[in-house]
Amino acid sequence: MFDMLKRFVMPYRLQALCGMTGKAVEVIFEVITPYFVMRLIDEGIMGHSFTVCMYYGAWLVAAAGISYGATLICQSVAAQVSVNVACDVRRELFSKISTLPLLSLHKFSTSTLVNRSITDVNQIQLMIALAIRQLIRCPLLAIASIVSALILNWRYGLIFCICIPLVALIFAWAIQRLSRMFTLLQRTLDTLSDHVLQNLELVELVRAYRTQKIEMQRFEDDHQHYTQLLEATSRISALLSPVTFGIMNMGIMMLMYVASLRGYALFSMFNISQGTLVALINYMTQTLLAIVYISNLMLVFTKASAASARVMEICTCKDSTSADHALAADALVDASVSTNAQYVLEHVSFTYNPCSCTSTQAAGTKGACLCGMSKDKESTAEEGFALTDITCTIPAHGFIGVVGSVGSGKSTLLALLAQLYAPQKGVIRFGGYDLSQLDSNVCSQNICYVPQTTELLQTSIRDFISLGNDTLTDADITNALKQACAFDFVRSLDRGVDTIVTHGSAQMSGGQKQRLALARAFASRASHILLDDSLSALDALTEQKVAQHLLNRAKQSCVMLVSQQISHVKCADMTLVLDKGHLVGVGTHAELLQSCKVYQELYETQHAYTRE
């Protein structure tokens, strides 16, 4: 939590100090108020002096007014600082999530990212607001009240020294129990939220498989577990205030009881005036109420500590590119042009589970695995790798095909080339530079990637096609739509290219969404277009037209198409054949039919199916 405070609260330290100063002024006048009441009773009421009553009454009104003004300043500053810090934390979280490498991002589910960005940040905001308002006030009020009581009558003040340690012991026990329970409670909430989110996203699949009862039972189990933890924490939290008020009332009873014995000779030393007794009762109330507030503050701090740890876990994740190794954008663009920006893969291996890898990091400690284990203690099996020892050169121009059976690593290869992941072993060079060390903005200017699952952003069709290229004209957009065979259905929409696509684009078919994604690729001025099975949802006629436009584009840039269909890549200038993560063939269609057994089997299987 201290790292979080240092990082996000320090820029607002002057405002926070101003608010705490206002609270300190309030405490000063709260402490002297019982003294004025004591003098009002002893000298004004008991002395039957109207002038004295008016004098101390005026002091009480002035003290209340000054305290009110100081409180307004503190409340305003606390609200501003807490809101600003929460905005900064959310901005940092959003920025970090956007730049995290996908392997790191896969550690967090969507629900936990949402909870950390909303619920945890709200908890941090509440903690900062209460810290400015109460962190100075409550301890200072408790200490000042105890000191004032001892000054008034140290014998009665000893009663304070009996009550306060009892309350402190109870709070220490409760906080120790609750700190662990709050962390577990947030994890359980993440699990529950993740289950709800999955059901909302896959509601059609759940209904199609008739698994509503199973999903309801899973939700009931998760909800029951969360409810039990919440009840356990609430029971402990609910004990604090009654116990504190009970001890406070017992202290007040002891004060009044001892004061009632002052008429006896044995207890003559406890003789005090009525005003002093009232002041001591006020100080007792102030002290124990301050401790109650401190207990509530500690509960909030305990929750915020768990929340800040979850937030900082994301904020301290390593970025996808290192600032120390990233190259300047201008330097990369010039280098890409001069070298035709071809890909060179040198012994590339990649796994989605780094802790199962046997390799070393490219820039890491020699002999150390990504998971921190010694290399000689790791298994040498390659089953965990999606790609293994890939070595090839992909030219800067031409139509490049990537084929293979399901699970052979085709999509993984394109994701590596698009800089979505970095290989655990080997290096991918782009334009002569290590791809993993290039600035992501430079790569986005030179590489256009169309993923296998097509999802459209919630924006207009015009803005979607223009993503990353704000200089496109209406003619460019129209030409891209025609090349992707999407112009006719876009024109049929009410607002044409200005139609807003809703989240998830449920009003469009899979083929329509795929054609819009292809239109963005055609409109891109990138030198490399990476298409991950981007023709799978098209009908035969549309597929043939789009394929012809891709061949035309390949004359001036590199078009790389992943497909399971041999027919899609028969005319490719070069085809890569993958099998179980290994590169087993490179060449043209005719060459592979002669030299690659895997390619031959794929061709024979699909050709036989076509004949039937």
Side-chain angles (χ1 to χ4, degrees), residues 1-32 63 65-99 115-145 147 171 175 178-179 182-183 186 286 289-319 323:
M1 184 169 68
F2 293 104
D3 293 337
M4 188 275 299
L5 293 176
K6 182 179 179 181
R7 183 170 181 174
F8 295 105
V9 181
M10 285 300 290
Y12 305 99
R13 57 185 179 275
L14 294 180
Q15 296 95 314
L17 183 61
C18 178
M20 291 181 176
T21 302
K23 273 298 175 181
V25 172
E26 177 191 348
V27 169
I28 292 173
F29 285 95
E30 276 195 68
V31 171
I32 64 175
I66 296 174
S67 297
Y68 181 72
T71 301
L72 287 180
I73 295 174
C74 179
Q75 297 289 91
S76 176
V77 170
Q80 294 177 11
V81 172
S82 61
V83 170
N84 287 336
V85 170
C87 290
D88 292 345
V89 173
R90 286 197 179 97
R91 187 181 298 110
E92 178 70 16
L93 279 175
F94 188 83
S95 175
K96 179 63 68 171
I97 292 171
S98 300
T99 58
N115 284 336
R116 296 185 194 208
S117 301
I118 299 177
T119 306
D120 289 347
V121 175
N122 286 342
Q123 198 64 51
I124 293 172
Q125 178 180 346
L126 177 62
M127 181 268 294
I128 293 172
L130 290 180
I132 296 175
R133 296 200 300 257
Q134 304 292 347
L135 190 60
I136 289 294
R137 179 185 180 276
C138 294
L140 189 60
L141 181 60
I143 294 172
S145 297
V147 172
F171 287 155
I175 291 172
L178 290 173
S179 60
F182 282 138
T183 302
Q186 284 300 114
Q286 286 181 350
L289 284 179
I291 294 177
V292 171
Y293 286 129
I294 291 175
S295 69
N296 295 331
L297 194 62
M298 289 301 102
L299 292 178
V300 173
F301 271 40
T302 302
K303 294 179 181 178
S305 178
S308 63
R310 287 157 51 85
V311 168
M312 291 305 294
E313 184 182 2
I314 298 176
C315 291
T316 55
C317 279
K318 187 178 179 182
D319 289 337

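As a basis for the values below, the full set of heavy atoms in this structure was taken, side chains included, without hydrogen atoms, waters or symmetry mates. One is the number of the first residue; the rest follow in order along the sequence.
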Nearest atoms (heavy-atom pairs only) where Leu141 meets Val31: CD1-CG2, 3.9 Å

Side-chain donor-acceptor pair present, Glu26, Thr71, cut-off under 3.5 Å: yes

Euclidean distance, Ile32 CD1 relative to Ile28 CD1, rounded to 0.5 Å: 8.0 Å

Residues that Ser82 engages under side-chain contact (heavy atoms from CB on, under 4.5 Å), provided they are two or more places apart: Gln125, Ile128, Ala129

Tyr293, OH: over 12 other non-hydrogen atoms inside 6.0 angstrom: no

Ile66 CD1 to Phe29 CZ distance, which is reported to the nearest 0.5 Å: 3.5 Å

SB check Arg310 Glu313 (cutoff 4.0 Å): no

Atom pair OG (Ser305) and CD1 (Ile124), whose distance is rounded to the nearest 0.5 Å: 9.5 Å

From Met312 atom CE to Lys96 atom NZ, the distance as rounded to the nearest 0.5 Å: 9.5 Å

Intermediate values then yes/no, side chain to side chain contact (heavy atoms under 4.5 Å, CB included), Leu135 and Leu130: CA-CA 7 Å; Leu135 190 60; Leu130 290 180; over 6 Å; no

Heavy-atom pair of closest approach, residues Cys74 and Gly19: SG-O, 3.2 Å

Candidate pair Arg90 and Asn122, rule side chain to side chain contact (heavy atoms under 4.5 Å, CB included), full reasoning: CA-CA 10 Å; Arg90 286 197 179 97; Asn122 286 342; 2.6 Å; yes

Main-chain N/O of Leu72 paired to Ser76 side chain as donor or acceptor, under 3.5 Å: no

CE-OG distance between Met127 and Ser308, expressed to the nearest 0.5 angstrom: 6.0 Å

Euclidean distance, Arg116 CZ relative to Ile97 CD1, rounded to 0.5 Å: 9.5 Å

side-chain contact (heavy atoms from CB on, under 4.5 Å) partners of Leu93, counting only residues at least two apart: Val89, Ser117, Val121, Val311, Ile314, Cys315

Minimum heavy-atom distance between Glu30 and Arg137, given as atom pair plus value: OE2-NH2, 3.0 Å

Heavy-atom closest pair, residues Leu297 and Ala131: CD1-N, 4.3 Å

Residues forming a salt bridge (Lys or Arg N to Asp or Glu O under 4.0 Å) with Arg7, sequence neighbours excluded: Glu92

Shortest non-hydrogen contact from Val81 toward Tyr12: CG1-CB, 3.9 Å

